[in-house]
Amino acid sequence: MTDNAMPLGVFTSAGAGLGAAIEKVVQIGAPTVQIHAPGPDGRTPERAEQIAARFAEAGVEISLVFCGFPGDRYDTIPIVRRTVGLVPPETRAERIEQTREIADFAAWLQAPGIGIHIGFVPEDWDDPEFDAIVHVVADVADHCAERNLTMNLETGQETADTLLHLLQTVDRPNLAVNFDPANMILYGSGEPLEALRKVGDYVRSVHCKDATWSESPGEEWGVEVPLGEGDVNMKEFIRTLDDLGYTGPLTIEREVSGERQIRDIKAGLELLREIKQELGIS
Ligand code: MG
């Protein structure tokens, strides 16, 4: 636990085994962590107690539990559109149930909230599917509220205007945003800093991730790159967060694996430390 503004963090998957995940976070030296929720078999109160105890022992605060579903696929943007989150109708009902279970698990961990990619929210607000998603999000947000959790929607799959309209329409005090500036570029859904200012009042967590634009934004992926090497402008990103009064964790997400991931995250943490210092954030 740290009382510094914008404590540093890392996003980790317990997919390779929880021990490895904790070791990695400790090795990297981040005081906070966002974790992917384990699969259905691992979502028990006993398991939550074990995980909470191990992170507490390591002095690492769990800042968010991220949802993922079997069948989510990120190969191409059209595949994401068909497979990811709560939007695809075929898997919606079962995934709402899984999201509720993940929220229960997050509450057992005493984490403050869950993060989720809900999928591609229709840009046409009169589309009946938009209204359907409003009800889905309200339902899950209310389940979270009963457990004293926020529900943080990951950015990138829709424009900031559509995300803002969704947040305002659902209108729940515990509904929030996990702002990922690189996703705005990767999905081609808008200039990240402009988007951040639009939804800024709702931002309760962020991913520090960088990317370069594709030649055909919205059709083909941009490229995720080490922090500071892409088109986000990390210094302006942190400055804008500070202007908005954001004091939550700066959680690095680096979507490569192995030694390269650890090296890039360490360099990213160093970059964030420098930026915080230059901006007088402590
Ligand atoms: Mg992200």
Side-chain angles (χ1 to χ4, degrees), residues 6 8-15 21 24-25 28 30 32-37 62-69 72-77 79-81 83-87 99 102 106 111-121 150-160 163 176-193 195-196 199-200 202-214 217 221-234 237-238 240-241 246 248-257 261 264-265 268-269 271-272:
M6 301 193 205
L8 303 183
V10 56
F11 187 19
T12 190
S13 167
K24 191 160 77 179
V25 174
I28 287 167
T32 76
V33 68
Q34 289 188 8
I35 61 166
H36 263 295
I62 300 172
S63 65
L64 204 65
V65 177
F66 233 88
C67 299
F69 307 106
D72 280 343
R73 284 177 54 203
Y74 288 89
D75 313 50
T76 64
I77 291 177
I79 291 176
V80 174
R81 191 178 283 278
T83 66
V84 168
L86 303 178
V87 170
T99 308
I102 291 169
I114 63 165
I116 184 168
H117 272 288
I118 54 169
F120 278 81
V121 176
T150 61
M151 177 188 187
N152 300 12
L153 307 183
E154 173 90 348
T155 53
Q157 292 165 345
E158 57 285 307
T159 60
L163 179 59
V177 166
N178 184 74
F179 197 92
D180 184 327
N183 278 356
M184 303 303 296
I185 293 173
L186 290 167
Y187 287 95
S189 46
E191 200 283 315
L193 299 185
L196 174 59
V199 298
Y202 291 88
V203 175
R204 304 251 189 119
S205 56
V206 301
H207 285 163
C208 290
K209 191 170 87 184
D210 215 338
T212 54
W213 291 91
S214 88
W221 286 123
V223 178
E224 196 231 337
V225 296
L227 214 57
E229 295 180 17
D231 295 329
V232 168
N233 190 339
M234 287 314 301
F237 177 59
I238 307 296
T240 306
L241 285 169
Y246 178 84
L250 300 177
T251 304
I252 294 184
E253 180 180 26
R254 180 67 176 120
E255 304 192 76
V256 294
S257 57
Q261 186 192 45
D264 288 353
I265 291 175
L269 289 171
L271 176 69
L272 293 178

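Both ligands and their constituent atoms are indexed starting at 1 by order of listing. All values below were derived from every heavy atom in this structure, side-chain atoms included, with hydrogens, water molecules and symmetry-related copies excluded.
The two residues Y74 and V80 come nearest to each other via the heavy atoms CA-CG2, 3.6 Å. Residues A37 and V65 come closest through the heavy atom pair CB-CG1, 3.8 Å. Heavy atoms only, all atoms of each residue included: V206 and N178 are closest at N-OD1, 3.5 Å. Contact record, V10 with A30: CG1-CB, 3.8 Å, taken as the closest heavy-atom pair.
Q157 meets the side chain to side chain donor-acceptor pair (under 3.5 Å) test with H117, Y187; sequence neighbours excluded.
Distances from the Mg ion (ligand 1) under 2.8 Å pick out these protein N/O/S atoms: E154 OE2, D180 OD2, H207 ND1, E253 OE1.
Side-chain atoms of T32 come within 3.5 Å of backbone atoms of L8 as a donor-acceptor pair (strictly under, hydrogens ignored).
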